[in-house]
Each structure stands twice: as structure tokens, then as C-alpha cells.
Number of protein chains: 2
Amino acid sequence: MNSNVETTSGLSGTISGEITETLRDAIITGEFPQGSKLSETKLAKDLDISRGPLREAIRKLEGMNLIQHIPQQGARVVTLSPKFVLEIYETREALETKAASLAALNMSSGEIDQLHRVIDAQSKFMHDNSNAHIPAESDYVFHEILIRGAKNNVIKNALLHRLYPLIKMFRYQNSKASNSTSNSLLEHRQIIYAIEQRDPELAAVTIKRHIVRARNRIERRFNENIDGD
Amino acid sequence: MNSNVETTSGLSGTISGEITETLRDAIITGEFPQGSKLSETKLAKDLDISRGPLREAIRKLEGMNLIQHIPQQGARVVTLSPKFVLEIYETREALETKAASLAALNMSSGEIDQLHRVIDAQSKFMHDNSNAHIPAESDYVFHEILIRGAKNNVIKNALLHRLYPLIKMFRYQNSKASNSTSNSLLEHRQIIYAIEQRDPELAAVTIKRHIVRARNRIERRFNENIDGD
DNA sequence: CAACCAAAAAATGTTGACATTTTTGGTCTT
DNA sequence: AAGACCAAAAATGTCAACATTTTTTGGTTG
């Protein structure tokens with residue numbers, strides 16, 4: 001199974017944890033299609049494990065919002081309907097805006113340096129490739145540093161464990177809907193500026209605009225695919 | 001086991017679901033103390049079930065943030081440290097502020113009527129009892145209607161499934177730290193007003209102040225218990 | 001030919017036993 | 001007496017079989 005989406009998670013050590021990561025990546029990449037059923041018997045056979053750990057993995061993935069489980073009926077991969085995706089981005093807007101204002105207050109100078117290193121790399125990449133798109137992975141790294149810098153574990157877990165998997169899934173399976181436009185680098189610079197100024201309000205409005213713009217691009221694309229095409 | 005905290009959940013039908021609700025209520029009420037270990041063998045014996053469904057229930061409770069599970073070490077009830085509680089309220093502020101502004105846009109008039117009925121009942125209660133405190137249950141109902149009115153399932157699940165259980169747990173075990181002051185009724189009226197005006201910004205600032213005040217009361221209480229006492 | 005019912009097949013839910021790891025308790029050494 | 005070490009006990013992780021529910025299938029009937 002393809003598993004180069006994200007390997008950084010502390011779920012290993014047990015079969016249940018390993019399987020969780022395997023399935024997570026398979027869902028994010030679309031190897032298991034949206035809405036498809038995850039048959040316990042079949043999966044257990046394919047992965048060569050018993051159903052016990054598999055069921056626990058499914059419960060964990062349910063906690064990540066990647067799977068919907070209905071008693072006596074089984075588990076299905078979530079379906080990223082337009083409505084659902086827009087709801088995800090509204091939630092992200094609420095949480096990450098708060099995270100940014102907290103980051104402006106709580107980030108260490110070391111963490112700010114990390115942010116600089118990331119956008120310097122992004123800048124170099126775009127210059128070298130004269131490419132309008134920042135690599136998705138690099139964009140995640142930027143936002144993850146910012147989220148961790150807020151020093152609020154509840155917000156961090158909500159974003160990194162329950163929302164970003166869905167966002168990664170959407171982006172991976174809709175590569176054209178990439179969040180990384182040519183504006184992203186500039187917007188990232190503005191966010192860093194606000195944090196360096198230790199200005200929580202500025203950080204909030206800046207990142208809010210960043211996320212709302214991404215949401216609006218996605219919404220526009222959805223609408224195009226309805227009337228036009 | 002005491003279980004009059006909340007009985008409305010669609011988890012029944014399976015042993016795993018029943019046990020989840022039982023344990024959830026036992027954790028919220030403090031029957032299982034914060035930080036205490038939930039021994040699978042002992043619990044399975046006490047509840048007279050096998051460890052399979054119990055383990056699944058523990059996974060679900062982990063998804064509700066009520067339990068922390070460490071591989072090879074077992075599950076423990078979360079500890080509501082002051083830092084953790086304040087983080088919970090910061091997260092609630094972010095999510096419920098967005099929920100309120102969405103509710104101002106999306107709530108049906110029927111739902112607004114429901115809000116009115118709840119605060120009318122609260123008003124009658126306070127008048128009859130000349131009591132400074134709205135019952136916690138009634139306060140939850142108000143906020144739950146508002147959250148559902150936002151018509152955003154991601155925010156709804158984050159708040160009702162992952163954050164409110166923790167808030168209920170904190171309030172139940174710190175009854176003096178009740179959120180319901182004499183101001184709460186007035187603040188609830190202001191929130192309804194903003195929603196009736198279909199004014200998302202006003203709804204946002206109003207509920208934000210409501211939640212930040214609650215947070216500040218809690219923070220003050222924490223500080224009192226450190227220096228003073 | 002479609003609708004319906006019943007038996008069979010398959011899937012999910014549950015259980016008890018086994019495997020492996022962690023914790024406990026006591027002994028021995030320094 | 002304190003600490004290291006080892007064996008026993010207990011706990012968590014895993015498995016395979018059993019129970020119950022749902023889905024499928026195939027045949028009958030209107």
C-alpha cells in the first residue's frame with residue numbers, strides 16, 4: 001500500500017496502531033474510494049491480522065473523521081461532499097484563526113525561526129522552478145508549526161488529528177484544488193510578520209483571510225463544476 | 001451507576017455503545033476519579049462483559065477526549081488541570097463564536113422559537129426561585145439549540161461530542177464554578193436578539209463575550225485557589 | 001414479470017483463551 | 001538500609017471460534 005502521505009504519528013508499537021496508519025494513508029490517497037465499505041472480514045484477510053485490532057483501528061479512524069461507522073452495518077469511508085468540505089474549512093477558519101492569535105502571544109523565537117526557514121525554502125523552490133504552486137507538504141509544515149506554536153493542545157489536536165486528515169484527503173484527491181497559489185507565499189510572510197510583531201489581532205485577521213480565500217477558491221470550483229463543464 | 005447526566009445519544013443497540021454511555025456518565029460525574037486507571041480486566045468483570053466491547057468503548061471515549069490511552073499501559077481518565085480547562089474554553093470560544101454567526105444566518109424561525117422557550121423557562125425558574133443560577137441542564141439546552149442552528153455538522157460534532165463532555169465533567173465536579181451567573185440570562189437574551197436580527201457579527205461578539213466571561217470567572221477561581229485559600 | 005418470502009450466506013458483535021509486555025514483590029548483594 | 005536483579009503475577013494485545021444480525025439469493029406466488 002502507498003504510504004508516503006505522512007509517517008509521523010506515534011501510533012506504532014501495536015498492530016492496531018500500525019493498521020491505523022496504513023488505513024489512514026490508504027483513505028487519504030483514495031486507495032479506498034470515498035463512500036466505499038470497509039469490510040472487516042475482507043480487510044483482516046488482506047492485511048493478515050485478526051479482526052480485533054482492525055476494529056480498534058476503525059474506531060480510531062472514526063475519531064479522525066475519516067470513517068463513518070454505523071452499528072450492525074459496518075464502516076464506510078467518508079464522502080467529501082461539497083457541503084462537507086466547506087464545513088471543514090469553516091471549522092478550520094474558526095480554530096486556526098484562534099491558533100494564530102495565540103501563536104502571536106506564545107510562540108518562541110526558535111519556532112518563529114522555523115517558520116522563516118520553511119518560507120525561505122518555499123521561496124527558493126518557487127524561484128528555482130518558476131512554479132506557481134508551493135508543494136502541499138511544505139504548506140502543511142508551515143501551518144503545523146504555527147498550530148503547535150499556539151501552545152493549546154486542545155486546538156492542536158482538533159486541527160492536526162481531526163481536521164487536517166480530511167483536508168489532506170481532499171487536497172490529495174483534488175490536486176487541482178490546491179491551496180497553494182502564487183499568493184500563498186506572500187500571505188505566509190504576512191502571517192509571520194504579525195507573529196513577529198506579537199500582534200494577535202493582526203495575526204488573526206491575516207490567517208483568517210488566508211483560509212477564507214482558500215475556502216472561496218474551493219467554493220468557486222464547486223460551482224464551476226455544477227453549471228459549467 | 002449514576003447516569004442522569006445525559007441519556008440522549010444514539011450509541012445504543014450494541015454492548016459497546018451501552019458501555020460507552022455508562023462509562024461516559026461515570027467519568028463526567030467523577031465516579032471514576034480524574035487520572036485514575038481504567039483496568040480492562042476489572043471493569044469487564046464489574047460490568048459483566050468481555051474485554052472486546054469494553055476496549056471499543058474506551059476508544060470511543062478517547063475520541064470524546066474523556067480518556068487518555070497509552071499503548072501497553074492502559075487507559076486513564078483525563079485530568080482537568082487548570083491549563084487544560086482554560087484551553088478547552090479557548091477552543092469553545094473559537095468554535096461557538098463561529099457557530100453563533102452561522103446560526104444568525106442559518107437558523108430557522110422554529111429554532112429561534114425554541115431558544116425563546118428555553119430562556120422563558122429559565123426566566124420563570126429564576127423568578128420563582130429567586131435563584132441566581134440557571135440550572136446547568138437548561139444552559140446546555142440553550143447552547144445545543146444554537147449549535148445545531150448553525151447547520152455545520154463539523155462544528156456541531158466538535159462541540160457536542162468532543163468539547164461539551166469535558167465542559168460537563170468540569171462543571172459537574174466543580175459545581176461552584178457554575179457558568180450560570182445572574183448575568184447569563186441577560187446574555188442569552190442578547191444572543192437571541194442578534195440572531196433574530198440575522199446579524200452574524202453581533203451574534204459573534206455577543207457569544208464570544210459570554211464565553212470569555214465564563215472563562216475569566218474560571219481563571220479567577222483557579223488563581224484564588226493558588227495564592228489565597 | 002414483479003413482488004414477496006424463506007433459507008442460505010456473509011457480515012458484524014461478542015466471547016474466552018492465548019501471547020506478550022508491564023508491574024509487583026521479594027531476595028540477594030553492596 | 002538502599003538498590004539491583006529475578007521470578008511471579010497481573011495487565012494489555014491478539015487471535016480464533018461462536019452468536020446474532022443483516023444481506024443475498026433463489027424460488028414461489030399473485
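Note that this is a predicted model, so its numbers are computed, not measured. Order of the sequence lines sets the chain letters (A, B, ...), proteins ahead of strands, with each chain counted from 1.
Here the P atom of nucleotide D:dT12 and the CD1 atom of B:Ile58 are 8 Å apart, to the nearest Å. Rounded to whole Å, the distance from CD on B:Glu40 to P on D:dT14 is 11 Å. Atom CD1 in A:Ile15 sits roughly 14 Å away from atom C1' in D:dA16 (whole-Å rounding). Rounded to whole angstrom, the span from the CD1 atom of B:Ile70 across to the C1' atom of D:dG13 amounts to 16 Å. Distance, A:Ile49 CD1 to C:dC18 P: 22 Å, rounded to whole Å. Summarising the geometry, the separation between NZ on A:Lys37 and P on D:dT23 is reported as 7 Å, rounded to the nearest angstrom.
A:Glu93 has a carboxylate O that lies under 4.0 Å from a charged side-chain N of B:Lys98, or vice versa, which qualifies the two as a salt bridge. Classification of B:Glu40 and B:Arg55 as a salt-bridged pair holds, one side-chain N sitting under 4.0 Å from a carboxylate O. Look at A:Glu111 and A:Lys151 and you find a salt bridge, because one of the NZ, NE, NH1 or NH2 atoms lies within 4.0 Å of a carboxylate O, short of that distance.
Nearest-nucleotide positions on DNA chain D place A:Ser50 closer to the 5' end than the other of A:Gln73 and A:Ser50.
Nearest heavy-atom pair, B:Asp139 versus B:Ile134, reported as atom, atom and distance to 0.1 Å: N-CG2, 4.2 Å.
Counting only heavy atoms from C-beta on, A:Thr14 has its side chain closest to D:dT14 among D:dT22, D:dT14, D:dT12. Comparing C:dT21, D:dA11, C:dT12 by their closest approach to the side chain of B:Thr41 singles out D:dA11. For A:Ser16, the side-chain atoms get nearest to D:dT14 when compared with the rest of C:dT14, D:dT14, D:dG13.
Side chains of B:Thr41 and B:Ser39: a donor-acceptor N/O pair is present below 3.5 angstrom, by distance only.
Nucleic acid contact class of B:Pro53 (heavy atoms, under 4.0 Å, all strands): base. Note on B:Gly52: a base of the nucleic acid sits closer than 4.0 angstrom, heavy atoms only.
Consecutive Watson-Crick or G-U pairing (both distances under 3.5 Å) extending over three or more pairs maps onto DNA chain C as C:1-30 with D:1-30.
The side chain of A:Arg51 contributes no N or O atom lying less than 4.0 Å from OP1 or OP2 of C:dT12. Neither OP1 nor OP2 of D:dA11 sits under 4.0 Å from any side-chain N or O of B:His69.
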Q) When you look at A:Gln34 and A:Thr79, which way does the side chain to side chain donor-acceptor pair (under 3.5 Å) test go after all the steps? A) CA-CA 5 Å; A:Gln34 296 179 26; A:Thr79 298; 5.1 Å; no
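In this structure, B:Tyr89 and B:Phe170 have perpendicular ring planes: the angle between them is above 60°, well past the 30° mark.
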